[in-house]
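Lettering of chains follows the sequences in order, A, B, ..., and the numbering in each one begins at 1.
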Amino acid sequence: MSYNPIELMACVASRLLRDARSVFVGTGLPMVAAVLAQRLHAPDLLIVFEAGGIGPQVPTVPISVGDSRTFHRAVMATSMDYVMSIAQLGFVEYGFLGAAQIDPYGNLNTTVIGPHERPRVRLPGSGGANDVGSLCWRTIILMRHERRRFVESLDFLTTPGYLTGPGARERVGLPADTGPYRVITQLAVLGFDEETKRMKLLSLHPGVSMEEVMENTGFELIIPEEVSTTQPPTEEELRLLRGEIDPAGIVIGRAS
Amino acid sequence: MSYNPIELMACVASRLLRDARSVFVGTGLPMVAAVLAQRLHAPDLLIVFEAGGIGPQVPTVPISVGDSRTFHRAVMATSMDYVMSIAQLGFVEYGFLGAAQIDPYGNLNTTVIGPHERPRVRLPGSGGANDVGSLCWRTIILMRHERRRFVESLDFLTTPGYLTGPGARERVGLPADTGPYRVITQLAVLGFDEETKRMKLLSLHPGVSMEEVMENTGFELIIPEEVSTTQPPTEEELRLLRGEIDPAGIVIGRAS
Amino acid sequence: MLYEGEGELLGWMDPDEARRWMARKPLELIDKRMPLSEAITRFARDGDYFALGGFGHVRVSMAAIYEMIRQRRRRMAIAAKTAVHDVDVLIASGVVDRVDCAYAFGHELRGLSPAGRRAVEGGRVRVVAEISNAGFQWRFKAAAMGLPWLPTRVMLGTDTLRRSSARVVEDPFTGRPICLIPACYPDFAVIHVHRCDKYGNAQIDGITIEDVELARAAKRLIITTEEIIPGEEIRRHPDRTAIPYFLVDAVCEVRYGCHPGNMPGLYYFDEEHIAEWLRMSRTDEGVEEYLDRYVYSVEGFEEYIQLIGGKEKMEYLRRLEMLQAELRAP
Amino acid sequence: MLYEGEGELLGWMDPDEARRWMARKPLELIDKRMPLSEAITRFARDGDYFALGGFGHVRVSMAAIYEMIRQRRRRMAIAAKTAVHDVDVLIASGVVDRVDCAYAFGHELRGLSPAGRRAVEGGRVRVVAEISNAGFQWRFKAAAMGLPWLPTRVMLGTDTLRRSSARVVEDPFTGRPICLIPACYPDFAVIHVHRCDKYGNAQIDGITIEDVELARAAKRLIITTEEIIPGEEIRRHPDRTAIPYFLVDAVCEVRYGCHPGNMPGLYYFDEEHIAEWLRMSRTDEGVEEYLDRYVYSVEGFEEYIQLIGGKEKMEYLRRLEMLQAELRAP
């Protein structure tokens, strides 16, 4: 069964989410991945929205992180203070992030391209990204794999990854034992080396070559001896995605 | 019309409360004084309870600062955090306090008589008193005038008055321009000298002599040239107190 | 640092340690209903430092307290936020030997607590730290926010500060002293609520006092509830949820669970019973008699409710609450 | 102090100064109803630093924004907590020239904002400070608590911190660095609510986002409301009050006041209208055309609602909200 890269990314992301854990989701792909996980293997995955919705039963994909779908038949509809506080207290395991730029340590830029005073491109800024990247136990980054996005040095460090390497997060006062967990792109799944905290290739998506990944990465990637191939979406996953979770194709696009 | 000392204290306290201001009340006498003020000259006096009740229309005198009467038909039933926060933000003008001991600067003890480790008398502790004494603009102290209670030096400084004198509150970090405003006893009304911040006699209750006050005060009181006589309760005040506000005499006692 | 309080610091955890603890709480929607006796056996341990929801005699889980006494817990320390009957019977029965004190040993308008005072003045019970009411709830708030402390402008310049566990620093924004109140994570808390579902999603009517914060601060959380409602009801009004299920370890249905206290909207204080306790607790013998009659010799809370006057009494207290009856002040 | 952010510190007041301001707010129960145009004239001034309640396109008082544009306010600075359509039209119309930024220049899923980006990239508008979403609401929380700042564990180690107005100190309890976020007291705020009484006691259905805090932080507060209800209704359910009257300076009844945004329970996003703006705002000429059509040439919000499709359109958006209609995504 054919699928598009967005569908594959949604499936890979959803498989990372363990049951009976909690996840901060934004709109779009993260939301789709979280609902897919709930339908398939993580019925007790607790979905948390930064604007105050906790544990909703979303009827349709929300358009905004604060819209009424984010607390539809929820366990609790509360405040950003409440949600960010429980995240700071360690209750939120996973967080999804996107970015315009990423560096080898998983630090992210969503603020500016070019100088801050007079940017070439002004992006939205942190939003909740810095909070998610600071407070969740493990963040999962979803972004396009392009050379101009995977850079050695960010134009602006909006959201902390591993900063300058091992121990750096703890040294600046961020919560212990937290940090980026996976980077999922249209080409591959990447993780971070235990020792150096630098980005490491984990699996190539079907049909993607190692060269293609390296060409699209602007820094030196750690390549382990064994690189597996990403499991393609199952029929069940695709059926749910297209038939139930995002039938209008708002996020995953129209069938490829 | 005859009256008892508690009734007089309630009337004096109520007259201090200006309309369209806010007051932190406890149970008992403060509550009665605040409701009397609302009925007579301060219909828009905003009553605030530390446990979360704001602007109630109390049907009967509450027994506890947190009981259901404290938010009966209230403007808001919220949390202690909310109420204490708005007090810290300057929204609460008056606060009522009682104490086992008071010193010349209006500092109060409600914690222990004797050493802290092994007290001769263990009292309840601060409760909300320290908060009221720290955060309200003006506190009004209601207590019995006795030599063992009006002391040069407290066994324990639970709640700040003017501490050691002018500027002391500001120096330790308490909010500026705050502090004790009046002390109302069964004998007299007292205030604080602008310059020294020491306690000063303002008026003697009808039939009370200067000597009686001095005998019952364990420190040197500032006696101004003119000491007035406290206005006795009016018939209207007594009618409201006995007939409507505390008909069972829970606070004011049975008719004297 | 400008100043450091001498009070014993109970319940504090490094925020990283607190995060590790909270991350272990199960997030499954599992049925947590159990008898109160089981909840106390499993989650309230000898030596624990604990806190009770509510305020004074209002919405305090007396049922849990009587059960702790019945199970003869010992060497416990209580967060006496605004503790009255609760701390009084817990001290008198020998459960509590340390008090972390904002307000205790008094019954508000009703006067001082003979039993509690006797214990402190006699040295059987120690007050390990003083704090104010606002200070205590901000200790829970700091914990609820995953912070090591919160700044505040109370307590400064007093012996309350000296006997507290707070610290004073120079504020880097104003240049003036500011008081830092340490977070407080009790080993367990019991919060009595109006209704919750079997997972622990709870609603509270009226003021929430400091329970929204305490629920997040507690390392283990027992909910006692007047009523268990379907989860559907919770999801119909998610903005009414005061405590979400994932904070909760046990759900115990105990009707009238805060008697002789006031459960807003449901029943008012039982002044007769409180007066009986205040009278009996004037002597150690009276305390024993009270505990024998109302705690040790009964199976559980339902039997206790029978003893204090049963349905008829509770109906009177309901009418009192609804302003349909006159208060019979003893 | 370990570190000091370089961002411009807007909206901060010394807590003593803030107390003096708040103490002047009138506590009378007075009728504060007035036309929105009057409220904006009286309480929203050229040069002010302001914040809007809600989040993104959700429960934001668009009516107040259009009125500010109509009254041609200038040189304003916005607290862009999570600003989308609001900041976009305010920048495009020349009202706002400084942005205190957590999130702006984007329309969430819908992409970036052409007008807002053009203004920043062209130098017409300056971003004076960066912060995170949690950080911004904690700035309001600090103000709401009467504190100079609140500690937090976000922003540390990043350029977001460097461009913020936060400071880092060594935590006297843990010995590790901790980030202090300065309080924020906007000159005024506008919060759109489901219902309130004529005094300003307001209820919000669903998530409150950061409005319970912002309401206390704002030096002047305008409430726009879908509906005005009797004070009796407020007093019947005091635990539903999100904003008490004494924080409020003006009450303006504006039905559909957050169109084209989502008012939870009442109406969903008007994606057609948002798309129209995003399309037209690609050029300065398009912006002028949009503002002429929907803002300058109309008397007020009721006329605007007629223009965007009137009762029929709002009925469709209501059905969309109630899941009774299909989203016509443009």
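- For Ala144(D), the part lying under 4.5 angstrom from a heavy atom of chain B is the backbone only.
- The nearest pair of heavy atoms linking Ala20(B) to Leu27(D) is O-CB, 3.3 Å.
- Pro56(B) pairs by the side-chain contact (heavy atoms from CB on, under 4.5 Å) definition with Ile47(B), Phe49(B), Val58(B), Ala74(B), not counting sequence neighbours.
- For the pair Met76(B) and Ala242(D), the tightest heavy-atom approach, listed with the atom from each and the gap, is CE-O, 3.7 Å.
- For Pro30(B), the side-chain contact (heavy atoms from CB on, under 4.5 Å) partners at least two apart in sequence or on another chain are Val25(B), Phe96(B), Leu142(B).
- A search for side-chain hydrogen bond (donor to acceptor under 3.5 Å, both in side chains) contacts involving Glu117(B) returns Arg163(C), not counting sequence neighbours.
- Chain D forms more heavy-atom pairs under 4.5 Å with one residue of Gly90(B), Gly52(B), Ala77(B) than with any other, namely Ala77(B).
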Compile the donor-acceptor pairs, distance criterion under 3.5 Å only, formed between chain B and chain D.
residue   : atom : partner   : partner atom : Å
Arg21(B)  : NH2  : Ala23(D)  : O            : 2.6
Asp44(B)  : OD2  : Leu29(D)  : N            : 3.4
Gly55(B)  : O    : Arg235(D) : NH1          : 2.9
Arg73(B)  : O    : Arg235(D) : NH1          : 2.6
Arg73(B)  : NH1  : Glu232(D) : OE1          : 3.4
Arg73(B)  : NH2  : Glu232(D) : OE1          : 3.2
Arg73(B)  : NH2  : Glu232(D) : OE2          : 3.1
Val75(B)  : O    : Thr241(D) : OG1          : 2.8
Ala77(B)  : N    : Pro238(D) : O            : 2.9
Ala87(B)  : O    : Arg19(D)  : NH1          : 3.1
Gln88(B)  : O    : Arg19(D)  : NH1          : 3.1
Gln88(B)  : NE2  : Met145(D) : O            : 2.6
Leu135(B) : O    : Arg19(D)  : NH1          : 3.0
Leu135(B) : O    : Arg19(D)  : NH2          : 2.8
Ala176(B) : N    : Asp16(D)  : OD1          : 3.1
Asp177(B) : OD2  : Arg20(D)  : NE           : 3.3
Asp177(B) : OD2  : Arg20(D)  : NH2          : 3.2

